[in-house]
Amino acid sequence: PSHPGHAVAVGQLRGGFGALLSVRTAGGEAGALRAAGALQLMVRATSLGGVETLVEHRHTVEQGVTDVPPDLLRVSVGIEEPQDLLADLRRALDAALS
């Protein structure tokens with residue numbers, strides 16, 4: 001609420017706030033792909049219109065864009081239980097280390 005743009009966001013996002021975050025994985029691009037492949041609850045897809053949590057390997061999507069780190073995963077958080085999402089992400093990130 002203290003952010004200068006909060007009132008604008010409240011007016012524009014009538015359905016409530018969402019969450020989009022990026023995670024950089026251990027192990028470079030291979031680690032990011034291992035982590036994405038190890039997810040069980042989160043869906044590997046590119047979309048911002050659904051209610052399910054989606055993950056994309058941005059470097060693959062943005063072919064030729066040099067400023068997208070190869071170890072980056074973008075997560076669009078959906079309506080699943082937060083503790084389930086965190087457990088899925090922890091398990092997947094641990095897989096990136098193996």
Side-chain angles (χ1 to χ4, degrees):
S2 63
H3 189 278
H6 182 74
V8 172
V10 169
Q12 293 177 346
L13 303 170
R14 297 189 203 296
F17 297 100
L20 184 65
L21 62 113
S22 294
V23 177
R24 299 209 42 200
T25 63
E29 183 172 5
L33 293 172
R34 271 194 307 275
L39 292 165
Q40 296 175 2
L41 180 61
M42 299 180 194
V43 177
R44 289 177 64 183
T46 301
S47 172
L48 299 175
V51 297
E52 65 280 347
T53 297
L54 304 175
V55 174
E56 68 178 6
H57 180 242
R58 200 72 209 144
H59 188 74
T60 302
V61 174
E62 296 282 344
Q63 289 291 326
V65 177
T66 58
D67 62 344
V68 176
D71 60 351
L72 182 125
L73 295 175
R74 183 180 289 175
V75 182
S76 175
V77 180
I79 61 171
E80 300 89 350
E81 291 294 326
Q83 65 271 19
D84 294 340
L85 293 172
L86 287 171
D88 194 30
L89 188 57
R90 281 188 189 109
R91 184 176 45 255
L93 291 174
D94 285 344
L97 298 173
S98 26

Subject >> Those residues that, when tested against Val77, pass side-chain contact (heavy atoms from CB on, under 4.5 Å) (two or more places apart) >> reply: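 side-chain contact (heavy atoms from CB on, under 4.5 Å) list for Val77, sorted by chain: Ala19, Leu21, Thr53, Val75, Leu85.
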
**OP:** Please list, chain by chain and in numerical order, all residues satisfying side-chain contact (heavy atoms from CB on, under 4.5 Å) with Gln83, sequence neighbours excluded.
**Re:**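 Here the qualifying residues are Glu81.
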
How close do [X] and [Y] get, heavy atom to heavy atom, and via which atoms?
X	Y	result
Ala96	Gly31	CB-O, 3.2 Å
Ala26	Leu97	CB-CD2, 3.1 Å
His59	Glu29	CD2-OE2, 3.8 Å
Ala95	Ala38	CB-CB, 3.6 Å
His57	Ala32	CD2-CB, 3.7 Å

Subject >> Residues Arg91, Asp88: salt bridge by 4.0 Å N-O rule >> reply: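 Looking at Asp88 together with Arg91, the answer is yes, because their closest N to O distance falls below 4.0 Å.
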
**OP:** Calculate, to the nearest 0.5 Å, the distance between atoms CG and CZ belonging to Leu93 and Arg24 respectively.
**Re:**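 So the CG of Leu93 and the CZ of Arg24 are separated by 13.5 Å.
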
Original post:
How long is the gap from CD on Gln40 to CG on Asp84, to the nearest 0.5 Å?
Top reply: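 If I round to the nearest 0.5 Å, the distance is 11.5 Å.
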
Do [X] and [Y] belong to the same hydrophobic cluster, where Ile, Leu, Val, Met, Phe, Trp and Tyr are linked whenever their side-chain heavy atoms lie under 4.5 Å apart, directly or via other members?
X	Y	answer
Val23	Leu72	no
Leu33	Leu73	no
Leu54	Met42	no

Original post:
Do Arg74 and Leu20 touch side chain to side chain, with heavy atoms closer than 4.5 Å?
Top reply: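 Yes, close enough: below the 4.5 Å cut-off.
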
**OP:** Report yes or no: does Thr25 contribute a side-chain atom to a donor-acceptor pair with the main-chain N or O of Asp71 at less than 3.5 Å?
**Re:**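 Side chain of Thr25 to backbone of Asp71, a donor-acceptor pair under 3.5 Å: yes, one is there.
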
